Amino acid sequence: MRIEFTIIFSLLVIILTVCTISSMNSRKIIGKSVAFFVCSIIPPVIGNLIIVCAKDKFPAMLGYYIYFLGMDVVMYAMLRFTVRYCRIKRPNKILEYGVYALLTADVIQYAFNPVFHQAFDTEPIMYEGDLYFRLIPKLGQTYHRIVDYAIFTIVLLLFLIKSIRSVRIYAERYLIILLALVVGGVWETFYIFSRTPIDRSMIGFAVVGILVYFFALYYRPLRLLDRMLAGMASEMPEALYFFDDNGLCIWANDRGIKLADINDDDYAQAESRLTELFGDLNIKDDEWSAEKELKTEQGTTKYYVLEKHTVPYSESKIAGSFLSIRDNTDEHMALRREIYNATHDALTGLYTKEHFYDCISKEIQKDNDKHYAVVYINVNNFKMINDVFGSSFGDHVLKEIAKRIRECCHENSIYGRIVGDIFGMFMPVDEFDDAMIEEALGHFTVTEGHMSHNILIHMGVYFIPDKSIEISVMFDRARIAVTQIKDDYKICLAYYDDKMREQVLWDQHISSQLNEAISKKHIRPYLQPIVDTAGKPIGAEALSRWIHPTDGFLSPARFIPVIERNGMIAEVDKYMWKCACEILAKWKKEGREQFISVNISPKDFYFMDVVSVIKNLVEKYEIEPKKLRIEITETVMMDDNENRIAILNEFKQAGFIVEMDDFGSGYSSLNMLQDMPVDVIKIDMGFLNRSELDEKGQKILHNILNMTSDLGIISLTEGVETTEQYSMLLNMGCRLFQGYHFAKPMPLEELESWFDSVTK
Ligand code: C2E
Ligand code: CA
Ligand code: CA
């Protein structure tokens, strides 16, 4: 018997040691408490082992000491484990310290046992021919038993309460350990009180330790997991179908049952029903996902995302698979809306610029040898429409344009709103129909409520010669074509050519450098003499020249029209008037009698009060107003006739001499002279066919000269190039002359020496 028990106890010690090490290494929070508890059982088991092996009283006594003291530690460890395992957050402090006190008292009373023999003693007994030492319990031992049983009872109570209070599926965790403790406790009690010669009570506790180790660390309450997973699967927003390893549907959640319209005891139907709904789904395949549409009975479309996953059982086997079907309609629609909003203009519903350009670039990249055209569409005076009729009417106009663009485009055309009142079209050249586009978009009337307005649209067309040109550049070029339309009401469509591009680049080049050119005196006056009938120089006209550092000598034709378009001419003119005044002031000092004529552009009147600017100049330089002659072209009188006449009168009243420039080159009529308060008219030789004047031209010239002298207006002919012209004009009664025949425009110093050489 002794050998068998020695083997059993030794085995238990080894198993408990392994369990201790394993629970020490466990990652679970409870691991340490389990380790302590299991480890605490080892000493009493060793105590038991010594008792069983002892053939002498002394080792038997030692064994009992180890056993009993060890049991105190076991109780302490068991209580600690229970508090942790049952998650008792705030253990009762009095109870806790009470327990510690009782245990400490027990240890102390054992310490006195060798002296007072009040706890226990041993007696030798013979059993199956062997000598064993059996316990003789005394008062102290009774105390020990009361304390240990009390703690044990508390532990049992705690587990009991916890298992009653917990939800049934969780109670399992506590009940199972409670059961192990009860069995272990009963075993222990039986052997303690039966007073068998061989004490085997610790076998029960060792088994309890091993069971606790297993249940606390490795037992997974499967029923609990089952319940939780099933609950979750039912609550999932997706329809779920579980298939076994043969691909047969074995379960579906409520949504799944509803979607496939099957009975909940007939899951096997699911596959065929789903195939009816979504078409062939390859349900047998392991892992896949797909998006499917479903037409509802109400005629709407629903969108679903289907995903199939396998559930692995081991590395090579699968336990089954499941299919989830999610109603994706809301997200799908939201995404579609988002894409639509991002690619379409909210007001007109046309493509936004970015999307428009994207679509064009995709079309262009297609490998074909089609030729394409872009059309740039701009509403004339849209700002005015907005200001006068209000932005709501403006919006209405834009919508009407969008509608018309849609109507006149073929299926291969792409169109969009570029920005504000600017739209664009892109189409294969063979679909480009200028007459139709002009008809649809050129001009039309928009009416809203009682408001009605004629809309004029300007369009520029660019035929794309090379598909590698950037799309924004294509539209820039089409836009340049629009700028050529100007104010012609009959024309609403213009075509781009390369000269336009050069012109625009030149315009930008000139405009960006103009201010610097003035300040650095790269722009300066050249003066062309004006002579009387005797050939005597009586004055000069100031004409601007730009001595450009890189482009060289620029005549006014190169830059005046450019800066007249953007209004910068006013800066040049002001500067030229100032230069003229400086020269006149100098001449005054030097005793020269000549006057200087300066040019005034019609555009100047839009940017300044021309009269007061010039008046201020002559006052500042203290020169007689009659020395600064004012040249205005007849086009000045074209718009705002009355106001301009008033301006001319102001000049005259202030003592200036007013000359009408380029007479005959425009739409001038002779009776205009009647109303115009001018002192001098400058007749342009160019308008009379220049060099060889025919009979008819001579007659006209003669008549003009006669009439001017009748009206008391002095006549000046410019562009006189030959002696013949000069003598003919002299005979016709012309009073003043200007032209290359006398001298070309020249810098001030040259002019002064020319004057001096002629008058000598
Ligand atoms: P414009 O006022 O009619 O000036 C006369 C133009 O005729 C000058 O050209 C002059 O050089 C040119 N000319 C003079 N005699 C002859 C001739 O015998 N034969 C030929 N073929 N041409 C002759 P330019 O200097 O090139 O100026 C051209 C136009 O530019 C001027 O015409 C004037 O309208 C404008 N312009 C020039 N400078 C200014 C300026 O500072 N301000 C403004 N607003 N316009 C200016
Ligand atoms: Ca002039
Ligand atoms: Ca002229």
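Because only heavy atoms are used, hydrogens play no part in the values below, and waters and symmetry mates are left out as well, while side chains stay in. The shown structure was predicted, so the numbers you read here are calculated from the model rather than taken from an experiment. Numbering of ligands and ligand atoms starts at 1, following listing order.
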Sub-4.0 Å atoms of ligand 1 with respect to non-hydrogen atoms of [X]:
X: Met576; value: 41 (O)
X: Gln528; value: 10 (C), 14 (C), 15 (N)
X: Ser601; value: 44 (N)
X: Glu721; value: 17 (C), 18 (O), 19 (N), 20 (C), 21 (N)
X: Gly719; value: 16 (C), 17 (C), 18 (O)
X: Gly739; value: 15 (N), 18 (O)

Picking from Tyr351, Phe423, Phe475, what satisfies ring-ring contact (aromatic ring centres under 6.0 Å, His included) with Phe356? Phe475
Quick test of your reading of the structure: of Glu541, Arg545, Glu659, whose heavy atom lies closest to atom 25 (O) of ligand 1? Arg545
Cationic tip of Arg524 within the cone over Trp546's six-membered ring, i.e. under 6.0 Å and within 45° of the normal?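 No, Arg524 and Trp546 do not form such a contact.
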If you measure only the distance, is there a donor-acceptor pair under 3.5 Å linking the side chains of [X] and [Y]?
X: Gln738; Y: Lys682; result: yes
X: Asp661; Y: Thr633; result: no
X: His548; Y: Gln513; result: yes
X: Gln503; Y: Asp507; result: yes

Taking only distance into account, with no hydrogens and no angle test, what donor-acceptor pairs under 3.5 Å do side-chain atoms of residues 531-540 form with protein atoms, sequence neighbours excluded?
from: Asp532; atom 1: OD1; to: Ala534; atom 2: N; distance (Å): 3.0
from: Asp532; atom 1: OD1; to: Gly535; atom 2: N; distance (Å): 3.2
from: Asp532; atom 1: OD1; to: Lys536; atom 2: N; distance (Å): 2.8

With a heavy-atom distance limit of 4.0 Å, tell me whether [X] approaches ligand 1 through its side chain, its backbone, both, or neither.
X: Thr633; value: neither
X: Glu718; value: side chain
X: Pro745; value: side chain
X: Asp662; value: side chain

Do the side chains of Glu590 and Lys586 get close enough for a salt bridge, i.e. N-O under 4.0 angstrom?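 Salt bridge between Glu590 and Lys586, a charged N being under 4.0 Å from a carboxylate O: yes.
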Decide, yes or no, whether a salt bridge links Asp756 with Arg592 under the criterion of side-chain N to carboxylate O below 4.0 Å.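 Yes, Asp756 and Arg592 are salt-bridged.
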State yes or no: are the ring centers of Phe426 and Phe432 separated by less than 6.0 Å?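 Ring centroids of Phe426 and Phe432 are no less than 6.0 Å from each other.
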Protein N/O/S atoms under 3.0 Å of the Ca ion (ligand 2)? Glu541 OE2, Asn599 OD1, Glu631 OE1, Asp661 OD2
For Asp573 and ligand 1, does the shortest N/O to N/O distance drop below 3.5 Å?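 Asp573 vs ligand 1: N/O contact under 3.5 Å present.
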Could you list the donor-acceptor pairs under 3.5 angstrom formed between side-chain atoms of residues 384-401 and any protein atom two or more places apart in sequence or on another chain?
from: Asp387; atom 1: OD2; to: Lys383; atom 2: NZ; distance (Å): 2.9
from: His396; atom 1: NE2; to: Thr447; atom 2: O; distance (Å): 3.3
from: Glu400; atom 1: OE2; to: Arg404; atom 2: NE; distance (Å): 2.8

Test of understanding: with salt bridge (Lys or Arg N to Asp or Glu O under 4.0 Å), list the residues that count as partners of Arg629, not counting sequence neighbours. Glu659
